[in-house]
2 protein chains.
Amino acid sequence: MRTKPRTGRKAAIREENERAIVRAAEQVFAEHGYQGATTGEIAERAGVPKANLHYYFPTKDDLYQEVLGRIFGFWQEAADALDDQDHPVEALTRYIGKKMDISRAEPLGSKIWAQEIMHGTPTVHEYLEKTLKGWTRSRVAMLERWIADGHIRAVNARYLLYMIWATTQHYADFEGQISILNGGRPLSDAQWGEAKKTVTEIILRGIGAIE
Amino acid sequence: MRTKPRTGRKAAIREENERAIVRAAEQVFAEHGYQGATTGEIAERAGVPKANLHYYFPTKDDLYQEVLGRIFGFWQEAADALDDQDHPVEALTRYIGKKMDISRAEPLGSKIWAQEIMHGTPTVHEYLEKTLKGWTRSRVAMLERWIADGHIRAVNARYLLYMIWATTQHYADFEGQISILNGGRPLSDAQWGEAKKTVTEIILRGIGAIE
DNA sequence: GTCTATAACCGGATAGAC
DNA sequence: GTCTATCCGGTTATAGAC
C-alpha cells in the first residue's frame, strides 16, 4: 500500500485533512506568531486530533514551511503583473490593484510574511537572496528605462517599489487597526475601492505618470 | 525602608537595571514576538539573573506593557509634528521626516507595535479606540480643510494618512528585507536621505501640494 | 537587593492500540 | 489512517539562603 496514494478514498481524505490543517495553521500562525502558535490549537481549528496533525506534518516547522509556500505563490502572481512592457500607467495600475486584491483576499499570508521578516528571515532568507533580489533588480531597471524614456519623473525606483509594497501590504498587515479606526468594521467593498483608487492615484501622480 | 527609593545608591541600581531589562526586552520581543520571547533570554541580554528580572517586573506581561509604553511616546512625538496650522508642504514634510527618523532610530518599537496589531491588538485596543481614533479624526479634518482651501487635491484624507504610516514604518518593520536587498548592509546615511526625499516628494506631488 | 534551586505548568512529539 | 495516553524538554514564576 502506498503511503501517499494519488487517487482513491484515502487520497481524498488526505487532501481534505491537509487542506483543513494548512488553513487552520495560517490563522493561528498569523494571529499568534510562530512560537505562539500551538499545534494543539491548529489541530482543534482544523477539526482533527493533535496526533493526526503530526501524522500529516511531522513537525511544526514542516507545517510552517507549507504555509509560507502558499504565500510565495500569491506574491509571485502579483509580481507577474509588473512583468511586461506595457505603458507605466497600465502596468503600475494593474500591479497596485493586484497587490491590494491579495491584501484583501489573503491577509493571513501577508501577516505571516511580515512576521517572518521581522523575526530576521530565519526561513525565507534564501528566497529573498535568490528570487526577490533578482526580481527587484530587474523591475528597478525597467522603472529606470521608463524614466530615461520620459514616461515618469526621475524618482528613486527602488524606494518607489518599497512604497508600493508598504502601502498595499499595510491593508493586510494592519487590518486590525484599520477596522478599529473604521468604527469596528472591516472596510466595505466601496471603501476598498476608494482605498485602491487613492493609493493608485497618489503614486501615479507622485511619479508624474498622470496629470 | 522604601521599596522603590527615589534617590540614593539603591535607586540608581534599580534605575540602571530596569533600563537594561527594558532595552533587552525590546530586542527580544521584536525579534521573537511576545510568545517567542523568553524571560531567560531577556535577563541574559540585560546581564541580570532571571530571578532579578522577575523582581523588577513580576510578570512577562508587565514587562511587555512597559515596552509598549515607551513606543507610545515616540508615536505621540511624531503625531505632534502634524498638530499645527502650517502650510501643507511644511507640515507634511516635517511629519514624514519625523516618522522616517523614528523608523531609523527605534525600529524595535515599530516592530513590536506591528506585531501587536497583527496579533489582534490584545494590549493596545484601548489606546487605538481612545487616542488614535480621535487623533486620526482630527487630522483627517485638517487635511479636508486643506483640500477645501485648494492647498492640496481632493484625495481621501484617511487613506493618505494610512499611506504615510505604511510607507514610513516599512523602513523599520521590514529593515531585514531592505538590508538583504541592499546587499546585506543596512541603508547608509545617504540612502536614508534619498529614501526620505523619495517618499516625501512622491506623496507631496501625489496630492498636488508641489509642482 | 541578589541569586541558586526548584516548583508547576505547558507544548511538541510519539508509542501503540484500534 | 485514527486517536488516547504519555514522555520529555523548556518556560514562567517563586522560595529561601545570602
Side-chain angles (χ1 to χ4, degrees), chain A residues 1-22 24-68 112 119 122-123, chain B residues 1-22 24-67 119 122-123:
Chain A
M1 191 201 291
R2 292 172 48 81
T3 311
K4 298 183 179 183
R6 259 167 292 181
T7 58
R9 192 172 56 82
K10 287 195 175 168
I13 291 172
R14 167 175 288 272
E15 212 155 305
E16 190 182 323
N17 282 340
E18 285 184 351
R19 205 183 139 82
I21 291 167
V22 169
E26 280 189 338
Q27 295 173 20
V28 178
F29 279 129
E31 197 170 323
H32 300 293
Y34 180 80
Q35 294 274 356
T38 66
T39 54
E41 186 178 352
I42 295 170
E44 193 182 359
R45 286 209 208 181
V48 303
K50 187 168 64 144
N52 291 26
L53 178 148
H54 283 285
Y55 169 72
Y56 289 109
F57 299 93
T59 70
K60 182 180 175 177
D61 201 65
D62 290 333
L63 186 49
Y64 182 65
Q65 303 225 12
E66 188 70 26
V67 166
L68 278 180
I112 295 167
H119 295 177
T123 301
Chain B
M1 190 202 292
R2 291 173 48 83
T3 310
K4 300 181 179 184
R6 258 166 294 181
T7 58
R9 191 172 57 84
K10 287 195 176 169
I13 289 172
R14 166 175 289 273
E15 213 155 303
E16 190 182 322
N17 282 340
E18 285 184 351
R19 204 183 141 82
I21 291 167
V22 169
E26 280 189 338
Q27 295 173 19
V28 179
F29 280 129
E31 197 170 323
H32 299 294
Y34 179 81
Q35 294 274 357
T38 66
T39 54
E41 187 179 351
I42 295 170
E44 192 182 0
R45 286 209 209 181
V48 303
K50 188 170 61 146
N52 291 26
L53 178 148
H54 283 285
Y55 169 73
Y56 289 109
F57 300 94
T59 70
K60 183 179 174 177
D61 201 65
D62 290 333
L63 187 49
Y64 182 64
Q65 302 225 14
E66 189 70 25
V67 166
H119 295 176
T123 301

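Just so we're on the same page: letters track the sequence lines, and every chain starts at 1. Below, all heavy atoms of this structure are taken into account, side chains as well, without hydrogens, waters or symmetry copies.
Residues B:Glu41 and B:Arg45 are paired through a salt bridge, judged by an N-O separation under 4.0 Å between the basic side chain and the carboxylate.
Using a 4.5 Å heavy-atom cutoff, the side chains of B:Asn52 and B:Asn17 are not in contact. Within the 4.5 Å cutoff, the side chain of A:Phe57 has heavy atoms near those of the A:Val22 side chain. Two residues are said to be in side-chain contact when any heavy atoms from C-beta on lie closer than 4.5 Å; B:Leu63 and B:Thr39 fail this criterion.
For the pair A:Lys60 and A:Phe29, the cation-pi criterion (under 6.0 Å, within 45° of the ring axis) is not fulfilled.
C:dT14 atom C1' lies 17 Å from atom OH of A:Tyr56, rounded to whole Å. The CD-C1' distance, from A:Glu44 to D:dT4, rounds to 16 Å in whole Å. Atoms CG (A:Leu53) and C1' (C:dG12) sit 10 Å apart, rounded to a whole Å. Summarising the geometry, the separation between CD1 on A:Ile42 and P on C:dA13 is reported as 11 Å, rounded to the nearest angstrom. At whole-Å resolution of the value, CG in A:Asn52 and P in D:dT2 are 5 Å apart. Following rounding to the nearest Å, A:Ile21 (CD1) and C:dA13 (P) show an atom-to-atom distance of 14 Å.
Taking 4.0 angstrom as the limit, A:Asn17 places a side-chain polar atom (N or O) nearer than this to OP1 or OP2 of D:dT2.
Of the candidates A:Asp61, A:Val67, A:Ile112, A:Asp61 is the only one forming a side chain to side chain contact (heavy atoms under 4.5 Å, CB included) with A:Tyr34.
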**OP:** Indicate for each nucleotide in nucleotides 11-18 of chain D, in 5' to 3' sequence, whether protein heavy atoms under 4.0 Å reach the base (B), only the sugar-phosphate (S), or nothing (-).
**Re:** SBBB----
